[in-house]
Student: 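Okay, handing you the structure first.
Naming: A, B, ... by sequence-line order, numbering from 1 per chain. Quantities reported herein were computed from a predicted structural model and do not represent experimental measurements. Below, each value reflects all heavy atoms present in this structure, side chains not excepted, and no hydrogens, waters or symmetry copies.
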Protein chains: 2
Amino acid sequence: MTTEERIRLQKQLVETIGLEYEKEGMQPVASRILALLMIMDKECFTFDEIIEELRISKSAASVALKMLQLRNNVEYITFPGDRKRYFRLKRVDPYHIFEESRRKMQLNIENIGKILALKANPNAPNNQFLKEIKQMMEFFIESLDQLKEAYLNRHNSSNFSS
Amino acid sequence: MTTEERIRLQKQLVETIGLEYEKEGMQPVASRILALLMIMDKECFTFDEIIEELRISKSAASVALKMLQLRNNVEYITFPGDRKRYFRLKRVDPYHIFEESRRKMQLNIENIGKILALKANPNAPNNQFLKEIKQMMEFFIESLDQLKEAYLNRHNSSNFSS
DNA sequence: ATTTTGGTTCGTGTAGTTGCGAACTAATTA
DNA sequence: TAATTAGTTCGCAACTACACGAACCAAAAT
């Protein structure tokens, strides 16, 4: 495979994976930027390179980048004597990936708790069902924490920025 | 707490939990219906009861209910000699909750695979990072499957409709 | 002091989403 | 056969999200 061929395929992949991020609820421009930073061989893009590569406006890039930094997906570095920001993927501890789904599930557990607390008959079929869901989620979160420990023990040699 | 008081609090909870479902991407009307079916003591609502309780139009209710049934969140039953549909929460196996996150993660793993396959230098920092993420997700999915088994073994006395 | 560089913020147009009422359908009842 | 019931579908208006360009700002270069 020639280099040009590879780059063409990479740009194609930016579009497909960008679309998938969109389906998961991320904004179109932010999805494309994140995909770009993951897929291309170049690991640091300047603001101008991003807007040029993706053909988006400065404002769209600015807003999306702010959001991606807030979400901890992207960071930038600078070099002395160079005002440009070099944006790149933020490399967080891999287990951080699960933090969001853990948070969501925790919220769900609390909600089910609130629902059950207001029920007249705690043993009605729906409530039995809700209780099972809650138990399953509690079991899952517990296991998640154990998994995290197990993973960290196995990989304690890695050095990431938190 | 009096019954009226409880019902008032339940209706309030329908609104708060409905809003949370909205934030997760569900449509407003569908969110309210789902919350209603989870929260109120009445376990079966007719179409008319739903539109009356939530003050929504027939069309909005129709569209939202179709969607909720498609998503496997709601089902309806009928009674002989009664044309009305009685909508209620669909009580699926609790571990079905995890199937979606498993699917998502599997997709992610495949995407990272595609990304890595197109890279010029597989050992560049970003790619090391992507590999770690991928490994973590693989480790997690494997564990998930074990968890599911463990859970099913512990709770094999329950009887759900699949 | 003025211009250039590297962005950010604001106001606007456009596309997409949502929910309503009206019109419709299919089954039942009168 | 006509009217009622139980919903569905359609067309439209209101609202929302998004991305653009223009204006703006702060730092550096000229």
Side-chain angles (χ1 to χ4, degrees), chain A residues 14-15 17-37 42-71 73-88 90, chain B residues 14-15 17-37 42 44-71 73-90:
Chain A
V14 169
E15 181 60 20
I17 291 190
L19 279 172
E20 281 183 32
Y21 284 141
E22 271 191 75
K23 264 193 262 173
E24 315 246 315
M26 190 178 279
Q27 293 117 301
V29 170
S31 310
R32 297 302 181 294
I33 293 179
L34 191 55
L36 188 78
L37 298 182
K42 188 208 286 276
E43 305 218 325
C44 288
F45 283 76
T46 67
F47 192 89
D48 283 329
E49 283 167 348
I50 290 172
I51 69 177
E52 212 247 317
E53 189 64 58
L54 298 176
R55 303 317 203 94
I56 55 179
S57 68
K58 291 192 343 170
S59 52
S62 176
V63 171
L65 281 168
K66 195 202 291 185
M67 196 270 280
L68 288 169
Q69 289 170 85
L70 231 107
R71 285 184 37 141
N73 291 320
V74 165
E75 64 184 354
Y76 67 82
I77 50 170
T78 56
F79 298 102
D82 185 353
R83 278 175 65 209
K84 285 196 193 76
R85 294 170 190 180
Y86 291 83
F87 294 94
R88 64 178 186 194
K90 177 140 184 186
Chain B
V14 168
E15 181 60 20
I17 290 190
L19 279 171
E20 280 183 33
Y21 283 142
E22 270 191 74
K23 263 191 262 172
E24 316 246 315
M26 189 177 278
Q27 293 116 301
V29 169
S31 309
R32 298 302 182 294
I33 293 178
L34 191 56
L36 189 78
L37 297 181
K42 187 207 288 275
C44 287
F45 282 75
T46 68
F47 193 89
D48 283 332
E49 284 167 347
I50 290 172
I51 69 177
E52 213 246 315
E53 189 64 60
L54 297 177
R55 303 317 203 96
I56 55 177
S57 69
K58 293 200 324 175
S59 53
S62 175
V63 171
L65 281 168
K66 195 201 292 185
M67 197 271 280
L68 287 169
Q69 290 170 85
L70 229 107
R71 284 184 37 141
N73 290 320
V74 165
E75 65 184 353
Y76 67 82
I77 51 171
T78 56
F79 298 102
D82 185 353
R83 276 175 67 207
K84 284 196 193 75
R85 295 171 189 179
Y86 291 82
F87 295 94
R88 66 179 185 193
L89 262 196
K90 176 138 185 188

Student: Roughly how many Å is it from CD1 in I77(B) to C1' in dA6(D), rounded to a whole number?
Tutor: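 Atom CD1 in I77(B) sits about 17 Å away from atom C1' in dA6(D).
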Student: Applying the side chain to side chain contact (heavy atoms under 4.5 Å, CB included) criterion to V74(A), which one of K90(A), M67(A), R88(A), Q69(A) satisfies it?
Tutor: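 Testing V74(A) for a side chain to side chain contact (heavy atoms under 4.5 Å, CB included) against K90(A), M67(A), R88(A), Q69(A) leaves exactly one candidate, Q69(A).
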Student: Applying side chain to side chain contact (heavy atoms under 4.5 Å, CB included), run through S57(B) and I51(B) and close with a yes or a no.
Tutor: CA-CA 6 Å; S57(B) 69; I51(B) 69 177; over 6 Å; no
Student: Taking for each residue the nucleotide of DNA chain C bearing the nearest heavy atom, is the 5' side occupied by K66(A) or by D82(A)?
Tutor: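 It is D82(A) whose nearest nucleotide is closer to the 5' end.
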Student: Summarise how protein sits on nucleotides 18-23 of chain D as a single string, 5' to 3': B when a protein heavy atom is under 4.0 Å from the base, S for sugar-phosphate-only contact, - for no contact.
Tutor: SSBB--
Student: To the nearest Å, how far apart are L68(B) CG and dG7(D) C1'?
Tutor: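 To the nearest whole Å, that distance equals 16 Å.
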Student: May I ask you to verify if any side-chain N or O of R85(A) is less than 4.0 angstrom from the OP1 or OP2 atom of dG6(C)?
Tutor: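 The answer is no; no side-chain N or O of R85(A) sits under 4.0 Å from OP1 or OP2.
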Student: Go along nucleotides 25-30 of chain C 5' to 3' and tag each nucleotide: B for a protein heavy atom under 4.0 Å from its base, S when only backbone or sugar atoms are that close, - otherwise.
Tutor: -BBS--
Student: Report yes or no: is the cationic atom of K42(B) (NZ for Lys, CZ for Arg) closer than 6.0 Å to the six-membered ring centre of F45(B), at no more than 45° off its axis?
Tutor: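 So K42(B) does make the cation-pi contact.
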Student: From CD1 of I51(B) over to P of dT5(D), roughly how many Å is that when rounded to an integer?
Tutor: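 Interatomic distance, CD1 of I51(B) to P of dT5(D): 13 Å.
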Student: Could you tell me whether the side chain of I50(A) reaches within less than 4.5 Å of the side chain of L54(A), counting heavy atoms only?
Tutor: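 Side-chain contact under 4.5 Å: yes.
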Student: Between Y86(A) (OH) and dG7(C) (C1'), how many Å, whole number?
Tutor: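 Computing the Y86(A):OH to dG7(C):C1' distance gives 14 Å.
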Student: Using whole Å, report how far OH of Y76(A) lies from C1' of dG6(C).
Tutor: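 It works out to 11 Å between those atoms.
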Student: What is the separation between atom CG on L65(B) and atom P on dA6(D), rounded to the nearest whole Å?
Tutor: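 It is 15 Å, rounded to the nearest whole Å.
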Student: Please give, in whole Å, the distance from dG6(C) C1' to E49(A) CD?
Tutor: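 In whole Å, dG6(C) C1' lies 13 Å from E49(A) CD.
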Student: Mind grabbing the angle between the end helix axes of the helix from dA1(C)-dT30(D) to dA30(C)-dT1(D)? Five pairs an end, 10° rounding.
Tutor: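 That helix gives 20° between its end axes.
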Student: Check the orientation of Y86(A) and F79(A). Use parallel for under 30°, tilted for 30 to 60°, and perpendicular for over 60°.
Tutor: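 Ring orientation, 0 to 90° scale: perpendicular.
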Student: Could you go through the side chain to side chain contact (heavy atoms under 4.5 Å, CB included) check for Q27(B) and E22(B) one step at a time?
Tutor: CA-CA 6 Å; Q27(B) 293 116 301; E22(B) 270 191 74; over 6 Å; no
Student: What pair of heavy atoms forms the shortest contact from I56(A) to A61(A), and how long is it?
Tutor: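 Closest heavy-atom pair between I56(A) and A61(A): CD1-CB, 3.9 Å.
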Student: Nearest whole angstrom, please: distance from the C1' of dA6(D) to the CZ of F79(B).
Tutor: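 To the nearest whole Å, that distance equals 16 Å.
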Student: With side chains defined as the heavy atoms from C-beta onward, is the minimum distance between F87(A) and L65(A) less than 4.5 Å?
Tutor: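 Yes, side chains in contact.
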Student: To the nearest 0.5 Å, how far apart are OG1 in T78(A) and CZ in R85(A)?
Tutor: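 Taking OG1 in T78(A) and CZ in R85(A), the distance rounds to 9.0 Å.
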Student: Can you check whether E49(B)'s main-chain N or O pairs, donor with acceptor, with E52(B)'s side chain at less than 3.5 Å?
Tutor: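 No, because the side chain of E52(B) does not come within donor-acceptor range (under 3.5 Å) of the backbone of E49(B).
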Student: I'd like to know if the side chain of S62(B) reaches the main chain of K58(B), judged simply by a donor and an acceptor atom lying under 3.5 Å from each other, with no hydrogens or angles considered.
Tutor: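 No.
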